[in-house]
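Working notes for the structure below.
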Amino acid sequence: MDVTAIGEILIDLTQTGVNAAGVPQFSANPGGAPANVAVAAARLGAESAFWGKVGDDGFGAYLRRVLADNGVDQTGLRTGSRPTTMAVVSVDETGERSFRFLRGADRDICPEEVDEDAVPGTKILHFGSVSLTAGMSRSATIFAARTAHKRGGLVSYDPNYRPALWANQAEAAEWMTIPLPLVDIIKLSEEELPLLTGTTDLEEGTRILEERGLSLIMVTLGGEGVFCRWKGEGWHQPGIPVKVADTNGAGDTFLGAVLSRLCARGEKPLEGLTRAELKDVLAFANRAAAFTCSRSGAIPAMPTLAELEGGRMP
């Protein structure tokens with residue numbers, strides 16, 4: 001397996017517009033950041049799997065089908081007693097999002113449901129910070145990351161900060177920082193950088209993370225692209241101009257694209273990686289994210305490898 005993601009899979013009730021009376025209209029899209037990353041990587045040529053939990057309901061069955069339809073192994077997707085989690089995603093006139101979570105089954109995956117024997121068989125184990133917020137999922141996620149780290153695999157982390165899921169910012173910063181010693185690859189936003197490092201300065205913040213032992217550090221900058229640090233060097237990789245329909249899932253697409261490209265290098269995705277190679281990887285990922293921004297929804301908006309390799313522009 002190239003990429004195995006663990007964490008939340010849910011229904012994004014995404015605002016698609018308003019009707020004639022000005023009432024917001026929503027579509028029930030598949031989502032959840034780790035599931036998005038698994039799908040993005042699969043669509044772009046990687047072999048991927050997802051571990052998580054859904055409810056025994058119509059939404060849960062739908063999400064399981066979405067993973068299967070996108071070529072993601074869902075052997076590790078469990079069914080729980082609570083309903084499938086939902087996130088209400090409202091979108092403003094610039095395409096930026098706000099979230100309201102209705103938590104359910106995603107919180108309930110426990111360490112005993114993590115396939116420990118499957119961990120050594122994956123090149124990259126990926127997780128996000130939403131599953132660190134509460135419930136048994138916190139223990140399961142850290143257990144999976146620690147197991148991958150101990151057995152020599154790479155660990156990827158997205159500390160995607162959702163204020164509504166934490167009691168306060170201090171609690172979020174504490175728990176979002178705890179897994180860092182296990183992590184090799186991190187993708188975070190400009191807004192999340194000071195939570196983990198205490199600074200908004202891209203050079204300084206990424207240097208702090210590198211000193212803590214992280215290898216590949218990527219700070220996404222929206223339409224401006226990404227700031228990357230690798231092997232002691234930091235640089236800005238420009239984004240791709242695009243008419244934005246919806247930014248939901250863009251960061252997950254970017255990361256899924258990066259992981260898929262790295263895995264294509266072989267059994268040890270970071271070994272011998274040059275700056276020139278990495279710049280090509282980031283350019284590819286920025287194009288993938290631009291495609292997602294140009295369309296509505298998260299998973300439904302993600303590009304395929306054929307779209308990117310065919311030279312199409314979003």
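Side-chain contact between Lys123 and Val3 is absent, with no heavy-atom pair separated by less than 4.5 Å. At least one side-chain heavy atom of Tyr161 sits under 4.5 Å from a side-chain heavy atom of Gln169. Counting heavy atoms from C-beta outward, Phe127 and Pro179 have side chains that approach closer than 4.5 Å. Side-chain contact check for Leu132 versus Ile142: some heavy-atom pair is nearer than 4.5 Å. The closest side-chain heavy-atom distance from Leu193 to Phe227 is not below 4.5 Å. Using a 4.5 Å heavy-atom threshold, the side chains of Leu259 and Ser156 count as touching. Taking 4.5 Å as the limit, some side-chain heavy atom of Glu116 sits within range of a side-chain heavy atom of Phe143. Leu77 is listed as a side-chain neighbour of Leu67, based on a closest heavy-atom distance under 4.5 Å.
Between the side chains of Asp73 and Thr75, at least one donor N or O lies within less than 3.5 Å of an accepting N or O. In this model, no donor atom of one side chain and acceptor atom of the other lie less than 3.5 Å apart for Thr79 and Asp56. Side-chain polar atoms of Trp235 and Glu233 form no donor-acceptor pair below 3.5 angstrom. For the 3.5 Å distance criterion, the side chains of Thr133 and Arg103 qualify, holding a donor opposite an acceptor. In this model, a donor atom of one side chain and an acceptor atom of the other lie less than 3.5 Å apart for Thr292 and Thr253. Asp12 and Asn29 are not linked by any side-chain donor-acceptor pair at a separation below 3.5 angstrom, with hydrogens and angles left out of the test.
The main-chain N or O of Val23 is found under 3.5 Å from a side-chain atom of Asn19 such that the two form a donor-acceptor pair. A donor-acceptor pair under 3.5 Å links the side-chain atoms of Glu171 to the main chain of Ala167, judged by distance alone. No donor-acceptor pair closer than 3.5 Å links the side chain of Asp158 to the backbone N or O of Ala33. In terms of modelled atom types and a separation under 3.5 Å, the side chain of Ser131 and the main chain of Gly7 share no donor-acceptor contact. Judged by distance alone, with hydrogens and angles left aside, the side-chain atoms of Glu47 form no donor-acceptor pair with the main-chain N or O of Ala42 at under 3.5 Å. Within the 3.5 Å criterion, the main-chain N or O of Lys279 finds a donor-acceptor partner in the side chain of Gln237. Side-chain N or O atoms of Ser129 include one that pairs as donor or acceptor with a backbone N or O of Asn160 at under 3.5 Å.
Closest non-hydrogen pair, Ile109 versus Glu113, comes out as CA-OE1, 3.4 Å. Pairing each heavy atom of Val155 with each of Ala148, the nearest pair is CG2-CB, 4.0 Å. Heavy atoms only, all atoms of each residue included: Ala250 and Ala289 are closest at O-CB, 3.6 Å. Nearest heavy atoms, Thr177 versus Ala173: OG1-O, 2.6 Å. The heavy-atom pair separating Asn36 from Gly31 by the smallest distance is OD1-CA, 3.4 Å. Pairing each heavy atom of Ala38 with each of Val72, the nearest pair is O-CG2, 3.8 Å.
Residues Ile240 and Val226 do not share a hydrophobic cluster, defined by chaining ILVMFWY side chains whose heavy atoms lie under 4.5 Å apart. In this structure, Leu196 is a member of the same hydrophobic cluster as Leu221, with clusters built from ILVMFWY side-chain heavy atoms closer than 4.5 Å. Residues Ile208 and Val219 fall into different hydrophobic clusters, defined by Ile, Leu, Val, Met, Phe, Trp and Tyr side chains chained together at heavy-atom separations under 4.5 Å. In terms of hydrophobic clustering, with Ile, Leu, Val, Met, Phe, Trp and Tyr side chains grouped at heavy-atom distances under 4.5 Å, Leu102 and Leu10 are assigned to different clusters. Linking Ile, Leu, Val, Met, Phe, Trp and Tyr whenever their side-chain heavy atoms come within less than 4.5 Å leaves Ile6 and Val39 in two separate clusters.
Heavy-atom neighbours of Glu224 CD from other residues, nucleotides or ligands within 6.0 Å: at or below the threshold of 12. Environment of CD in Glu271: sparse, with no more than 12 heavy atoms of neighbouring residues, nucleotides or ligands closer than 6.0 Å. Counting non-hydrogen atoms of other residues, nucleotides and ligands closer than 6.0 Å to CD of Glu267 gives a total of 12 or fewer.
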Test side-chain contact (heavy atoms from CB on, under 4.5 Å) on Val258 and Met218; report intermediate values, then the result. CA-CA 10 Å; Val258 169; Met218 299 168 288; 4.0 Å; yes

Inset, instruction - Test Thr85 against Glu8 for side-chain contact (heavy atoms from CB on, under 4.5 Å), laying out the working first. - result: CA-CA 8 Å; Thr85 296; Glu8 74 278 7; 6.0 Å; no

What do the steps show when you test Leu209 against Leu180 for side-chain contact (heavy atoms from CB on, under 4.5 Å), and what is the final call? CA-CA 8 Å; Leu209 291 173; Leu180 291 181; 4.1 Å; yes

Check the pair Glu203, Arg229 against salt bridge (Lys or Arg N to Asp or Glu O under 4.0 Å), reporting the backbone distance first and the verdict last. CA-CA 8 Å; Glu203 279 280 358; Arg229 179 170 290 276; 2.5 Å; yes

| said: Is there a side-chain contact (heavy atoms from CB on, under 4.5 Å) between Phe59 and Val54? Walk through the geometry before answering. | reply: CA-CA 8 Å; Phe59 279 153; Val54 293; over 6 Å; no

Determine whether Thr4 and Thr122 satisfy the following criterion, side-chain hydrogen bond (donor to acceptor under 3.5 Å, both in side chains), listing intermediate values before the conclusion. CA-CA 6 Å; Thr4 298; Thr122 191; 3.0 Å; yes

| said: Could you walk me through whether Ser260 and Arg43 satisfy the side-chain hydrogen bond (donor to acceptor under 3.5 Å, both in side chains) test, starting with their C-alpha distance in whole Å, then the side-chain angles of each, then the deciding distance to 0.1 Å, before giving a yes or no? | reply: CA-CA 9 Å; Ser260 71; Arg43 285 197 179 189; over 6 Å; no

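The structure places CG of Leu255 at 8.0 Å from CD1 of Ile185, a figure rounded to the nearest 0.5 Å. Rounded to the nearest 0.5 Å, atoms CD1 (Ile9) and CG (Leu63) are 4.5 Å apart. To the nearest 0.5 angstrom, Leu182 atom CG is 10.0 Å from Leu125 atom CG. With values rounded to the nearest 0.5 angstrom, Arg287 atom CZ is found 9.5 Å from Glu307 atom CD. Here the straight-line distance linking atom OG1 of Thr197 with atom CG of Leu188 works out to 8.0 Å at 0.5 Å rounding. Distance check: Tyr157 OH to Asp184 CG gives 14.0 Å after rounding to the nearest 0.5 Å.
In summary, Glu204 and Arg207 engage in a salt bridge, as defined by a charged side-chain N under 4.0 Å from a carboxylate O. With salt bridges taken as basic N to acidic carboxylate O contacts below 4.0 Å, none links Lys53 and Asp106.
Arg275 forms no cation-pi arrangement with Trp230, by the criterion of a distance under 6.0 Å to the ring centre and an angle within 45° of the ring axis.
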